[in-house]
Amino acid sequence: MFEVEPVEKKRSGGRPAAVDKTFRAFDPHQVLLLPPSLNDWLPEGHLARFVADLVDEVLDLSPVLADYTDKRGYPPYDPRLMLRLLIYGCTIGVRSSRAIERKCTDDVAFRFLAADQAPDFRSISRFRRRHLDALATLFTQSLHLATKLGMVKMGRVALDGTKLQANASKHKAMSYGRLVDKEERIEADTAALEAKAQALLADAQATDEAEDQMFGTDGKDTDLPAELDRREKRLAKLQAARAQIEAEAAAKARRRAQDKERRRQERGGTSDEQAVTDAGDKAAAKAHPKPKAQANFTDPDSRIMKNSDGAYIQAYNAQAVVDEKHQVTTAADVTTNPSDALNYTTMLDQSAANTGRHPKQALVDAGYCSEANLNAARDRQLVCDTDTFMATGRLAHDEQVPPAPRGRIPANATLKERMARKLRTRPGKAAYSRRKAIVEPVFGQIMTCQSGRRLLLRSEDGARGEWRLLAACHNLREIFRHAGTAGLATVVG
DNA sequence: TGACGACGCCACTTTATTCT
DNA sequence: AGAATAAAGTGGCGTCGTCA
């Protein structure tokens, strides 16, 4: 498009040329004779073209469009435009609404996608919030697309979790004990303040009236009500945080009591749901939060968790199931519980629901190893024909891998011993050794290329939506890499 | 401390609908 | 028919929170 033509050597302007050198033609003030077509600005096979085709031709946008029912009102931006921007941005690591807005003037690819429009960052942000659920369905859509292109085999999958830093600082977290303390202090102070305000009011009313008449009404004693107002707001926040911790403690106690009652009934061979509910209610009413239980003021749903480096961060626990063949994610979810162990069954079920198939093998690390999960793994083998390889413990740095077992499995071996044994056999080792190679690249890509280390949206729903969008965009990246725009054509055609 | 991002409130614009 | 109103999205502005 741009011809390289040597320019006549010229000593122009006041700047002396250091060397006698011919440069390529460059005229910043050149006026284009025709308005440029945005289409020409982007090379064939660019990721942005892929995203544009995807949004325009392939994706089902009805979940988004369904939200626009009223014909009235200021016309919103075309959802296709917004989706193009959000998807492309999320794929290359430009995720914040303001960053996207800037790119719409800065970046050729974004200008191409937005047809040279630049929505305000609030519009982008609000669109994202509003259609968070719909955006999350992009995840299943991306998965179905990958499946159509033969990229999902469900032979071997790996399940793993990573901690996503919430949009909240752990310094804004407060323990239950301090919360109660603070609340009491503020209440006491407020009572004192109110008394003072009353006294002042009564005392000064006469003089005030006189002064007002003399100087007009802009007294200085507005400070006191303002102070009271601030305290009121703080108190409300504290109480909300406290209520949250208490509700959680109650819910936990309820679950425990119900489980206990069920087990008791199982042993006795009876079944009485009412008794289970009652036991739960009773326990919930009696529940008392631990003084150390934490709540965060900025994002109450997030929790302090330990990340893989051992550092404590305010976070969500993000889970993903990844198919070995092309590193396509088949399930993605977020929980507020730092433990991975609770997600073994739910995640594999999600994966099965999303793909319609059960994997031949599932690889999980020691974080998932629990009595319940070992049992669940055994059942899965029977019901879904999924062979689970679950690490039963981590090796210390200098620890040697125990030798492969030989001979018959002892009849009295526990499930855990059997699992440990299975992982030490040659096929067990071979399968499990693939685990890291399957999930790590996915998490790595999402963290670095898509800047997914830190979440932008608050609340559990926000975190889940973001994680699913990240996972969806990861899948789209893989599709782009594997099939390119041509691949889309085969799906549409 | 300043830059940056999310979000809430309010004013404004646009459009369809309802009222007079 | 024309005015008033309701509804919805956008932008301006301020606030809060995070991070380097």
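Scope of the values below: all heavy atoms of this structure, side chains included, with no hydrogens, waters or symmetry mates. We name chains A, B, ... by the order of the sequence lines, and we start the count at 1 in each one. Predicted model only: the values in this text are computed from it and were never measured.
- Residues Arg126(A) and Leu456(A) each lie close to DNA chain B; by heavy-atom proximity, the contact nearer the 5' end of the strand is made by Leu456(A).
- Atom CG in Leu132(A) sits about 14 Å away from atom C1' in dA6(B), given to the nearest Å.
- Atom P of nucleotide dC7(B) and atom CG of Leu457(A) are separated by 6 Å, given to the nearest angstrom.
- As rounded to whole Å, 16 Å separates atom P of dC10(B) from atom CZ of Arg122(A).
- Of the side-chain N and O atoms in Tyr77(A), none sit less than 4.0 angstrom from OP1 or OP2 of dA8(C).
- Here Lys103(A) contributes atom NZ and Leu85(A) contributes atom CG; the two are 12.5 Å apart, rounded to the nearest 0.5 Å.
- In terms of position along DNA chain C, the nucleotide closest to Ala118(A) lies nearer the 5' end than the nucleotide closest to the other residue of the pair Ala118(A) and Arg98(A).
- In this structure, Arg468(A) fails the cation-pi test against Phe139(A), since its NZ or CZ atom is not both closer than 6.0 Å to the six-membered ring centre and inside 45 degrees of the ring normal.
- When rounded to the nearest whole Å, the span between CZ of Arg130(A) and C1' of dA8(C) equals 8 Å.
- Across all strands shown, Arg128(A) has heavy atoms under 4.0 Å from sugar-phosphate atoms exclusively, and none from any base.
- In this structure, Glu101(A) reaches neither bases nor backbone, as no heavy-atom distance under 4.0 Å exists between it and the strands shown.
- Using a 4.0 Å cut-off between charged side-chain N and carboxylate O, Glu466(A) and Arg95(A) make a salt bridge.
- Residue Ser125(A) has no polar side-chain atom (N or O) positioned under 4.0 Å from OP1 or OP2 of dG5(B).
- Taking the six-membered ring for Trp and the full ring otherwise, the centers of Tyr344(A) and Tyr368(A) sit at least 6.0 Å from each other.
- Between dT18(C) and Gln165(A), no contact under 4.0 Å exists linking OP1 or OP2 to a side-chain N or O.
- Taking 4.0 angstrom as the limit, Arg454(A) places none of its side-chain polar atoms (N or O) nearer than this to OP1 or OP2 of dT18(C).
- The side chain of Arg129(A) places an N or O atom within less than 4.0 Å of a non-bridging phosphate oxygen (OP1 or OP2) of dC7(B).
- One atom, CG of Asn167(A), and another, P of dC19(C), lie 8 Å apart when rounded to the nearest Å.
- Rounded to a whole Å, the NE2 atom of His131(A) is 11 Å from the C1' atom of dG9(C).
- Using a 4.0 Å cut-off, no side-chain N or O of Ser97(A) falls inside it from OP1 or OP2 of dG5(B).
- Salt bridge annotation for Arg481(A)-Glu478(A): present, with a cationic side-chain nitrogen under 4.0 angstrom from a carboxylate oxygen.
- Following rounding to the nearest Å, Phe121(A) (CZ) and dA3(B) (C1') show an atom-to-atom distance of 13 Å.
- Following rounding to the nearest Å, Ile313(A) (CD1) and dC19(C) (C1') show an atom-to-atom distance of 15 Å.
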